[in-house]
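Hydrogens, waters and symmetry mates are skipped; everything else that's a heavy atom, side chains included, is used. Quantities reported herein were computed from a predicted structural model and do not represent experimental measurements. The first residue of the sequence shown is numbered 1, and numbering continues consecutively from there.
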Amino acid sequence: MSLRAQLESFPAEAQLLVFTTLGHVYVGSVVDIEEDAIRLARPDGLADIVLALGDVSGVRPTVEETERRF
């Protein structure tokens with residue numbers, strides 16, 4: 001499955017972890033997939049993040065885990 005197909009398969013409201021080839025990790029939901037870039041809406045609602053598709057090494061949905069205290 002191509003990266004573009006993988007990005008398009010997530011629901012629009014899904015919060016994703018986007019990993020880059022430089023080791024950075026970004027969190028956001030996909031706003032737009034352009035020819036060679038993706039635009040992510042940040043969770044805090046500030047300016048969007050634009051990443052070149054060639055710089056993205058992986059993507060997966062975020063998983064919220066509850067903390068258990070003993």
Side-chain angles (χ1 to χ4, degrees):
M1 177 182 282
S2 71
L3 177 60
R4 180 186 275 300
Q6 187 177 7
L7 287 165
E8 290 172 344
S9 71
F10 292 110
E13 67 280 352
Q15 289 290 315
L16 304 176
L17 293 171
V18 180
F19 302 92
T20 70
T21 56
L22 296 175
H24 298 119
V25 180
Y26 295 93
V27 178
S29 55
V30 175
V31 174
D32 189 23
I33 303 172
E34 300 168 3
E35 192 171 308
D36 60 350
I38 61 170
R39 182 178 303 273
L40 297 174
R42 292 172 33 159
D44 59 10
L46 296 177
D48 292 346
I49 302 166
V50 179
L51 298 169
L53 284 175
D55 292 338
V56 176
S57 62
V59 62
R60 67 178 175 162
T62 59
V63 177
E64 295 282 333
E65 297 181 8
T66 57
E67 184 177 330
R68 292 179 33 192
R69 296 190 180 240
F70 297 98

Non-hydrogen atoms of [X] and [Y] that approach each other most closely:
X	Y	value
Asp44	Leu46	OD1-N, 3.1 Å
Ala12	Ser29	O-CB, 3.8 Å
Pro43	Gly28	CD-CA, 4.3 Å
Val30	Leu7	CG2-CD2, 4.2 Å

With a 4.5 Å cut-off on side-chain heavy-atom distances among I, L, V, M, F, W and Y, is there a chain of contacts connecting [X] to [Y]?
X	Y	result
Val27	Val59	no
Phe19	Leu40	no
Phe10	Leu53	yes
Val50	Val18	no
Ile33	Leu3	yes

Value for CG (Leu16) from OG1 (Thr62), rounded to nearest 0.5 Å, stands at 7.0 Å
Taking everything shown except Arg4 itself, do over 12 heavy atoms lie less than 6.0 Å from its CZ?
->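 Above 12, so yes.
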